[in-house]
Amino acid sequence: LSYIESIYQLGLPEVAAYVFMMLLGFYIMLRAFDFRVWMAALGAILWAFSSYYFIIIAAGHIWKVMALAYIPPTIAGIALCYRKKILLGMIVTAVFATLQIQANHVQMSYYFLVVELLMVVAFLIQAIREKDMLSFGKATAGVALAAVLAIGLNASNLYHTYEYAKDTMRGKSELVKPGKAEDQTDSGLERSYI
């Protein structure tokens, strides 16, 4: 995975690599949706050069940046599967979903998982309208196989993150603060912090 990631970053210095990854990832996604080359390039520039990314890079949220860089090409892979380019879509989905999970920013992956699931629902509706459930089934199997591969390659890291989370401020607290019982939750953060 590190080898694939270093190729994708072209050996650029850190900040330049992050911006390049944002550009290329969004470009791949827009091309998967058949945007013209110039429109995909413009969209990639608008995405990668939004001020938010530079703010989180400067703040040191590098794993968040990495996860966000891999989300658009993951979406591209899913779209390719459902647009009947199943083998290419599986490869793109597997590679970028694996790298996205490896970035270990579970929150960003979770948020975009919701978007990806809504995409699948949209493709399901389209398949029902076009009476093409066989293609939908094949594409879904391809996406599911890519997801299993991505999760499997990151299983150790995901498990250790899960175990570690129990002992962080987001895990269950063993302390009870006097006078703040209404602010306590059964697990995780205090209500006032949330």
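Contact annotation: the side chain of Y52 approaches that of L68 to within less than 4.5 Å [non-hydrogen atoms, C-beta and beyond]. Side chains of I7 and Y3 form a contact here, defined as non-hydrogen atoms less than 4.5 Å apart. Using a 4.5 Å heavy-atom cutoff, the side chains of M29 and T74 are not in contact. Using a 4.5 Å heavy-atom threshold, the side chains of K84 and D132 count as touching. V121 is not listed as a side-chain neighbour of L117, based on a closest heavy-atom distance of 4.5 Å or more. Looking at V19 and Y53, their side chains never come closer than 4.5 Å, going by heavy atoms from C-beta outward. Side chains of Y70 and V95 form no contact here, defined as non-hydrogen atoms less than 4.5 Å apart.
Within a 6.0 Å sphere centred on NZ of K85, heavy atoms belonging to other residues, nucleotides or ligands number 12 at most.
Applying the ring-ring contact (aromatic ring centres under 6.0 Å, His included) test to Y18 and every residue at least two apart in sequence or in another chain returns nothing. Evaluation of the ring-ring contact (aromatic ring centres under 6.0 Å, His included) rule for F136 yields Y82 as partners, not counting sequence neighbours.
Note: L46 CG to M39 CE = 11.0 Å, rounded to the nearest 0.5 Å. Atom CG of L23 is separated from atom CD1 of I28 by 11.0 Å, given to the nearest 0.5 angstrom. Note that CD of E116 is 7.0 Å distant from CD1 of I71, once rounded to the nearest 0.5 Å. Residue L12 holds its CG atom at 6.5 Å from CZ of F20, rounded to the nearest 0.5 Å. Note: F112 CZ to M119 CE = 12.0 Å, rounded to the nearest 0.5 Å. L124 contributes atom CG, which lies 12.0 Å from atom CG of L118 (distance to the nearest 0.5 angstrom).
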TODO: Step by step, work out the side chain to side chain contact (heavy atoms under 4.5 Å, CB included) result for I75 and F33.
DONE: CA-CA 10 Å; I75 291 171; F33 284 104; 4.1 Å; yes
- [ ] Check step by step if side chain to side chain contact (heavy atoms under 4.5 Å, CB included) holds for M108 and M66.
- [x] CA-CA 10 Å; M108 286 295 105; M66 298 295 280; over 6 Å; no
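The shortest non-hydrogen separation linking C81 to A139 is O-CB, 3.3 Å. The heavy-atom pair separating M22 from V65 by the smallest distance is CE-O, 3.5 Å. In terms of heavy atoms, A94 sits closest to A150 at O-CB, 4.2 Å. Scanning both residues, P72 and W47, for their nearest heavy atoms gives CG-CZ2, 3.9 Å. Listed here is the closest heavy atom pair of L30 and G43: CD1-CA, 3.8 Å. Of all heavy-atom pairs between G89 and L80, the closest is CA-CB, 3.6 Å.
Grouping the Ile, Leu, Val, Met, Phe, Trp and Tyr side chains by contacts below 4.5 angstrom, directly or via other members, places Y110 with L99. Hydrophobic cluster membership is shared by L88 and V120, with clusters built from Ile, Leu, Val, Met, Phe, Trp and Tyr side chains linked at under 4.5 angstrom. Under the 4.5 Å side-chain contact rule for hydrophobic residues, I78 and L113 do not share a cluster. Cluster membership for V15 and M21, using ILVMFWY side-chain heavy atoms within less than 4.5 angstrom, is shared. No continuous path of hydrophobic side-chain contacts links F49 to F35 [ILVMFWY only; heavy atoms under 4.5 Å].
Listed by first then second residue, pairs satisfying side chain to side chain donor-acceptor pair (under 3.5 Å) with a partner in residues 22-43 read D34-R83, not counting sequence neighbours.
T93 places no side-chain N or O within 3.5 Å of a backbone atom of M90 that could act as its donor or acceptor partner.
If you look at F96 and Y8, their ring centroids are closer than 6.0 Å.
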